[in-house]
Amino acid sequence: MSSSSSSSFVALILLLLAMIGKGQGRVDVRRIPADFSIGTSTSAHQVEGGWTADGKGQSIWDNFTHTRADRIRDGSNVDKGCDHYHKYKEDIELLGEHGFDHYRFSLSWSRLLPTGRPDNVNRAAVRFYHGILDELERRNVTPYVTIYHWDHPQVLEDELGGWLNESMARVFAEYARFVYEEFGPRVRTFTTINEPYVNCYFGYGTGAYAPGRRQPGLGEYQCVHNQLKGHALAYRIYDRDFRARQRGRVGIVNVCFQYYAKYPQQAELAERAFEFECGWTSQPIFGPEGDYPEVMKKTIAEKSRREGRNSSRLPEFSPEWIEIIKGSSDYFGLNHYSAMLVEELPPGLRVDAVDVQMMTQDADLLKSYDPKWPGTESSWLKIVPEGIRDVLNSIRKKYGNPPVYIMECGTSDGNGLDDNLRVKYLHSYMQQVLLAKKRDKCDVRAFTIWSFLDSFEWNSGYTEHFGLVQVDFNDENRKRTPKNSMAWLKTVLQSRQLLQPISLLPKFDELKL
Ligand code: GAL
């Protein structure tokens with residue numbers, strides 16, 4: 001080697017070392033760090049059943065499924081459901097056997113407090129949830145507890161008008177206080193509210209979900225406004241009265257799709273879509289101003305003026321509320337499933353006329369899917385793994401790299417046990433999450449698969465199967481059978497390596513030997 005070629009060889013090595021130093025080189029994306037928690041999730045209404053057992057009160061979903069069965073695709077309900085209320089020991093044994101780090105579940109407000117308020121505590125319900133915590137402790141699975149996952153007591157809907165009434169915020173905060181007192185000594189990770197966006201948009205905007213109110217353009221805004229207040233009050237109560245003793249973390253869980261502009265020259269539309277969904281419920285908490293995104297405030301105020309209103313349909317926070325809400329979360333709870341394309345809404349076309357779900361009329365966007373994206377059993381869910389990495393990076397950039405707990409991610413995949421689509425989905429999404437963590441330095445700390453059990457999928461009833469475990473709903477005993485994905489996850493959890501699923505390896509006769 002001449003002296004000039006040897007010096008350029010040394011320079012190349014130094015450059016490579018410098019790149020690795022900056023994290024631009026190869027990183028082992030398969031290794032799952034010891035402090036990265038992997039779990040799976042359910043929610044109370046979707047799995048418990050036992051709808052009147054031991055003094056439980058009625059929730060809005062009990063009422064909705066019984067009185068508006070026409071709005072549930074298969075007319076079903078959760079009177080018995082997966083019967084998790086009676087089978088939780090068996091269920092948690094399965095979680096333990098497969099080595100999950102954590103289990104996310106929610107508390108049924110109407111089971112614990114049948115009147116909605118702590119003036120009447122149902123002790124049988126308290127024992128039930130302590131039973132769950134006992135089993136998790138025995139199996140070494142960490143509990144992540146959601147205080148409210150869409151199923152508030154019907155009595156609060158009847159008395160107050162539910163989340164359309166500002167006083168719900170205080171009633172919710174008192175319920176949260178009761179939860180911290182009772183379960184806080186045993187739980188480190190609390191979520192106040194799951195997905196205000198979906199809950200409010202479908203519950204009080206389109207009416208597709210309980211309580212079935214149809215007030216589009218008004219109801220969803222009022223509902224989110226009050227839920228953000230309720231969340232923030234519950235957070236401040238923990239901060240002031242419990243944090244020092246219980247040393248836990250409290251946060252909110254928001255839904256964030258990834259949006260891509262259908263036409264590259266319209267990149268700003270993807271940003272608008274993000275703000276009207278993820279930003280709506282995230283910016284007030286994680287943004288520097290403690291308020292809704294500018295584009296929402298401006299657009300809705302202008303439209304309201306044109307409609308002859310004296311004030312915007314998007315309510316305003318007072319400076320006092322801004323102070324309470326800003327910074328009221330110890331982590332960013334993220335639910336992410338899929339991506340969508342967006343384009344400008346053609347003039348004269350109403351959003352509801354083209355079956356656009358999950359997009360308010362006010363955003364003036366038309367959404368669609370890239371035909372190249374593989375589909376699933378759910379019409380709204382296409383497989384776009386890079387979307388989760390892009391969303392994690394948006395959260396890092398917009399909100400100052402908060403700790404992110406992915407609280408839901410997963411797919412429906414028919415009713416069979418050979419759920420290879422789910423294995424592919426989880427493998428590719430988890431890979432992207434590890435890339436975001438290791439290469440892009442997104443502070444993501446947990447990945448939670450939706451869902452542990454096949455269960456009641458809201459207005460789709462039992463027609464979509466999100467479970468890692470199949471439940472036989474024709475069997476009186478609701479027999480559970482783990483699907484292939486559970487076996488694959490067990491190897492991943494045991495080895496702490498994101499192993500290539502066997503189903504993704506080339507078939508023997510395809511190998512060029
Ligand atoms: C989420 C919701 C879950 C589950 C999931 C799959 O929005 O939090 O309860 O239904 O969607 O559709």
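This is a predicted model, so every value here is computed, not measured. When a ligand or atom number is given, it counts from 1 through the structure's own listing order.
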Tell me, which protein residue and heavy-atom name are nearest [atom], and how many Å apart are they?
| atom | answer |
| --- | --- |
| atom 5 (C) of ligand 1 | Tyr337 OH, 3.2 Å |
| atom 12 (O) of ligand 1 | Glu457 OE2, 2.5 Å |
| atom 7 (O) of ligand 1 | Glu195 OE1, 2.6 Å |

Notebook entry, point to check: Under 4.0 angstrom from ligand 1, any heavy atom of Phe202?
Noted result: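 Outside the 4.0 Å threshold, so no.
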Note to self: Tell me whether Val255 reaches ligand 1 (any heavy atom closer than 4.0 angstrom to a ligand atom).
What the structure shows: no
Check: Can you name the one residue among His84, His45, His66 that meets ring pair (Phe, Tyr, Trp, His ring centres under 6.0 Å) with Trp51?
Finding: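 When His84, His45, His66 are each tested with Trp51, the ring pair (Phe, Tyr, Trp, His ring centres under 6.0 Å) holds only for His66.
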Next item on the list: Output the list of atoms in ligand 1 that are nearer than 4.0 Å to some heavy atom of Trp380, sorted by atom number.
Entry: 12 (O)
Check: Atoms of ligand 1 less than 4.0 Å from Trp458 heavy atoms?
Finding: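 It comes down to these atoms of ligand 1: 3 (C), 4 (C), 9 (O), 10 (O).
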Margin query: Side chains of His465 and Glu377: any donor to acceptor distance under 3.5 Å?
Written below: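 A donor-acceptor contact under 3.5 Å links the two side chains.
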Item checked: Short side-chain donor-acceptor distance under 3.5 Å, Asp370 and Tyr260 -> no
Margin query: Quick one, Asp330 with Tyr238, criterion side-chain hydrogen bond (donor to acceptor under 3.5 Å, both in side chains). Give me CA distance, side-chain angles, the key distance, then yes/no.
Written below: CA-CA 11 Å; Asp330 298 324; Tyr238 190 82; over 6 Å; no
Next item on the list: Tell me which part of Tyr197 gets within contact of ligand 1: side chain, backbone, both or neither, using heavy atoms under 4.0 Å.
Entry: neither
Item checked: Nitrogen or oxygen of His149 less than 3.5 angstrom from that of ligand 1 -> yes
Checklist line | Nearest neighbour of atom 9 (O) of ligand 1 from the list Glu408, Gln46, Glu464, on a heavy-atom basis | finding: Gln46
Note to self: Does the plane of the ring in His152 sit parallel, tilted or perpendicular to the ring in Tyr148? Use 30° and 60° as the thresholds.
What the structure shows: tilted
Note to self: Which residue in the set Asn122, Val126, Ile147 passes side-chain contact (heavy atoms from CB on, under 4.5 Å) when paired with Leu112?
What the structure shows: Val126
Notebook entry, point to check: Taking the side chain as C-beta and beyond, is there a heavy-atom pair between Thr376 and Asp413 under 4.5 Å?
Noted result: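 They are not in contact (no side-chain heavy atoms under 4.5 Å apart), so the answer is no.
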